[in-house]
> 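Dropping a structure here in structure tokens format, bear with me for questions.
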Amino acid sequence: GIVGNTNEIGVWISGFFGSGKSHFLKILSYILDNKEINGKRAIDFFEQDHKILNQTVLDNMKLAANTPTDVVLFNIDSKSDSNSKQNKDAIVNVFLKVFNEMRGLCGNLPHLADLESQLMEVDKYELFKEVFANEYGSEWEKSRHKFDFIQDDVVEALVKIDFMSEAAARNWCERATETYRISIEDFARRVKSYIEKRGNNHHVVFMVDEVGQYIGDDSNLMLNLQTVREELSKECKGKAWVVVTSQQDVDSIMKVKGNDFSKIQGRFATRLALSSAN
């Protein structure tokens, strides 16, 4: 995905409790993110401390670390809404939520995140936040979660910055309280659009902890995960990856009665099975 295109963007890390899956995922996220802390980057800890002796592995790690990457690391159960599992699109909704949060948009209210995104497009987001703070007396990021109670101030700010008429803004506020729907295809296109705007061979990696526990034996959720991974590979050609951890390996989670899941198994071509010895 860094030096060319690939469809194999799915990684499944399995291992029983205590085998270090989450720990491994976190270290991986640090390397890919490669942030600088106190003058030292994540990759430096491996290079300068001679932790990796195989030069090819080290070169690959450096290439990955030096490629601009947004890492979205999250535990899927803690990020999903309490009743969302009943919804067959639960997984894509969680992916959208964490993707919005990573971009600094509102995670809990996707309608609001869309508004913020539109304001960014026309270069009026900062102005909106300023005008809203003057109207309401509190910062937008600290207040947006109580959207139901601040609609008048939002309308006022949108009108003042000449983004919407009052009637259009009120109409939008009414629609914003309705159930939000997004197709997996649309989500993948948003990720693609974001990657293209960033340029410079930018990548996004979704690192999903404890996905097996979340899915359980719900075939709809498994299919939803498979389709998210499939659409991301189709749209982003290796610039967006999905790395998941699960206590069960991908084969055992597929054994749901009456369904042929051999197709899904191929969606996670890179599989790592960790034991406590690892």
> Check for a donor-acceptor pair, side chain of Thr227 on one end and backbone N or O of Leu223 on the other, with a separation under 3.5 Å.
yes
> Testing Lys97, Glu101, His145 one by one against Asn108 for a side-chain hydrogen bond (donor to acceptor under 3.5 Å, both in side chains), which residue passes?
Lys97
> Side chain of Ser117, backbone of Asp114: donor and acceptor closer than 3.5 Å?
no
> More than 12 heavy atoms of other residues, nucleotides or ligands under 6.0 Å from CG of Asp123: is that the case?
no
> When you compare the side chain of Asn100 with that of Cys106, does any pair of heavy atoms fall below 4.5 Å?
no
> Verify the distance criterion only: is there a donor paired with an acceptor across the side chains of Tyr214 and Asn75 at less than 3.5 Å?
no
> Side chains of Leu25 and Val243: closer than 4.5 Å at any heavy-atom pair?
yes
> Can you find a heavy atom in the side chain of Val191 that is under 4.5 Å from one in the side chain of Glu235?
no
> According to a 4.5 Å side-chain heavy-atom criterion applied to Ile, Leu, Val, Met, Phe, Trp and Tyr, with indirect links allowed, do Leu53 and Met61 form part of one hydrophobic cluster?
no
> Identify the heavy atoms of Glu166 and Val155 that sit nearest to each other, and give their distance.
CG-CG1, 3.8 Å
> Side chains of Ser246 and Ser14: any donor to acceptor distance under 3.5 Å?
no
> Search all heavy atoms of Ile43 against all heavy atoms of Ala65 and return the closest pair with its distance.
CB-CB, 4.0 Å
> Do you know the tightest heavy-atom contact between Leu32 and Ala64?
CD2-CB, 3.9 Å
> For side chain to side chain contact (heavy atoms under 4.5 Å, CB included), just list the numbers for Val244 and Val11, CA-CA rounded to whole Å, side-chain angles, deciding distance to a tenth of an Å, and then say yes or no.
CA-CA 6 Å; Val244 307; Val11 181; over 6 Å; no
> Please report the closest heavy-atom contact between Lys239 and Gly4, naming both atoms and the distance.
NZ-O, 4.0 Å
> Rounded to the nearest 0.5 Å, what separates atom OG in Ser276 from atom CZ in Phe17?
12.0 Å
> Using the benzene-type ring in the case of Trp, are the ring centres of Phe128 and Phe163 under 6.0 Å apart?
no
> What orientation do His202 and Tyr194 show, parallel under 30°, tilted 30 to 60°, or perpendicular over 60°?
perpendicular
> Establish whether Leu105 and Leu127 are linked, either directly or via other cluster members, by ILVMFWY side-chain heavy-atom contacts under 4.5 Å.
yes
> With rounding to the nearest 0.5 Å, note down the distance linking SG in Cys173 to CG in Leu115.
8.5 Å
> Could you check Ser233 against Arg229 for side-chain hydrogen bond (donor to acceptor under 3.5 Å, both in side chains), going step by step and ending with a plain yes or no?
CA-CA 6 Å; Ser233 78; Arg229 175 249 168 269; 3.2 Å; yes
> Is it true that the NZ or CZ of Lys51 lies under 6.0 Å from the centre of Phe46's six-membered ring and within 45 degrees of the ring axis?
yes
> Would you please name every residue forming a side-chain hydrogen bond (donor to acceptor under 3.5 Å, both in side chains) with Asp153, sequence neighbours left out?
none
> Compute both the distance and the angle, then confirm whether Lys35 meets the cation-pi test with Tyr30: under 6.0 Å from the six-membered ring centre, within 45 degrees of the axis.
no
> Is there a continuous path of hydrophobic side-chain contacts, each under 4.5 Å between heavy atoms, that joins Val131 to Met120?
yes
> Does the side chain of Phe74 reach to within under 4.5 Å of the side chain of Met207, using non-hydrogen atoms?
no
> Go through Glu210 and Gln247 one step at a time and tell me if the side chain to side chain contact (heavy atoms under 4.5 Å, CB included) criterion holds.
CA-CA 7 Å; Glu210 293 300 357; Gln247 286 198 19; 4.2 Å; yes
> Look up atom CG in Leu274 and atom OG in Ser22, then write down how far apart they are to the nearest 0.5 Å.
10.0 Å
> Out of curiosity, Ile215 CD1 to Asn220 CG, how far, rounded to the nearest 0.5 Å?
11.0 Å
> Taking C-beta and beyond as the side chain, do Asp59 and Leu63 meet within less than 4.5 Å on heavy atoms?
no
> Which word best sums up how the rings of Phe99 and Phe206 line up, parallel for under 30°, tilted for 30 to 60°, or perpendicular for over 60°?
tilted
> Check whether more than 12 heavy atoms from other residues, nucleotides or ligands sit under 6.0 Å from atom CD of Glu141, and answer yes or no.
yes
> Could you report the tightest heavy-atom contact between Val228 and Val92, atom names first, then the distance?
CG2-CB, 4.0 Å
> Going hydrophobic residue to hydrophobic residue with side-chain gaps under 4.5 angstrom, can you get from Leu112 over to Met164?
yes
> Is Ser143 close to Phe149 at the side-chain level, that is, under 4.5 Å between some pair of heavy atoms?
no
> Please tell me whether Ile52 and Leu28 are part of a single hydrophobic cluster in this structure, the criterion being side-chain heavy atoms less than 4.5 Å apart.
no
> Centroid separation under 6.0 Å, is that true for the rings of Trp241 and Phe268?
no
> Any side-chain heavy atom of Arg170 within less than 4.5 Å of one from Asp152?
yes
> Got a donor-acceptor contact below 3.5 angstrom from the Asp186 side chain to the Ser183 backbone?
no
> Just by distance, do the side chain of Lys124 and the backbone of Leu119 share a donor-acceptor pair under 3.5 Å?
no
> Any Lys/Arg nitrogen of Arg144 or Glu116 sitting under 4.0 Å from an Asp/Glu carboxylate oxygen of the other?
yes
> With a 4.0 Å cut-off, would you call Glu36 and Lys40 a salt bridge?
no
> What closest approach, in Å, do Val94 and Lys79 show between heavy atoms, and which atom pair accounts for it?
CG1-CB, 3.8 Å
> As an exercise, state the distance from CD of Glu130 to CD of Glu139, rounded to the nearest 0.5 Å.
12.0 Å
> Determine, stepwise, if the pair Leu96 / Arg190 fulfils side chain to side chain contact (heavy atoms under 4.5 Å, CB included).
CA-CA 9 Å; Leu96 176 67; Arg190 288 188 194 191; 3.9 Å; yes
> Would you call Asn93 and Ile91 a side-chain contact if the rule is heavy atoms closer than 4.5 Å?
no
> Scan side-chain atoms only and decide if Asn201 and Thr67 contain a donor-acceptor pair under the 3.5 Å cut-off.
no
> Apply side chain to side chain contact (heavy atoms under 4.5 Å, CB included) to residues Tyr136 and Val154 and explain how you reach the verdict.
CA-CA 9 Å; Tyr136 185 64; Val154 172; over 6 Å; no
> Rounded to the nearest 0.5 Å, what separation is found between the NZ atom of Lys146 and the CG atom of Leu109?
13.0 Å
> Hey, mind stepping through Phe147 and Trp140 against ring pair (Phe, Tyr, Trp, His ring centres under 6.0 Å) and telling me if it holds?
CA-CA 10 Å; Phe147 174 70; Trp140 168 246; 7.6 Å; no
> Should the pair Glu135-Lys160 be classified as a salt bridge under the 4.0 Å nitrogen-to-oxygen rule?
yes
> Is the shortest side-chain N to carboxylate O distance from Glu8 to Arg267 below 4.0 Å?
no
> I'd like to know if Arg175 pairs up with Glu178 as an ion pair, taking the criterion as any Lys NZ or Arg NE/NH1/NH2 lying under 4.0 Å from an Asp or Glu carboxylate oxygen.
no
> Any Lys/Arg nitrogen of Arg103 or Asp70 sitting under 4.0 Å from an Asp/Glu carboxylate oxygen of the other?
no
> Should we count CG of Asp162 as having more than 12 external heavy atoms under 6.0 Å?
no
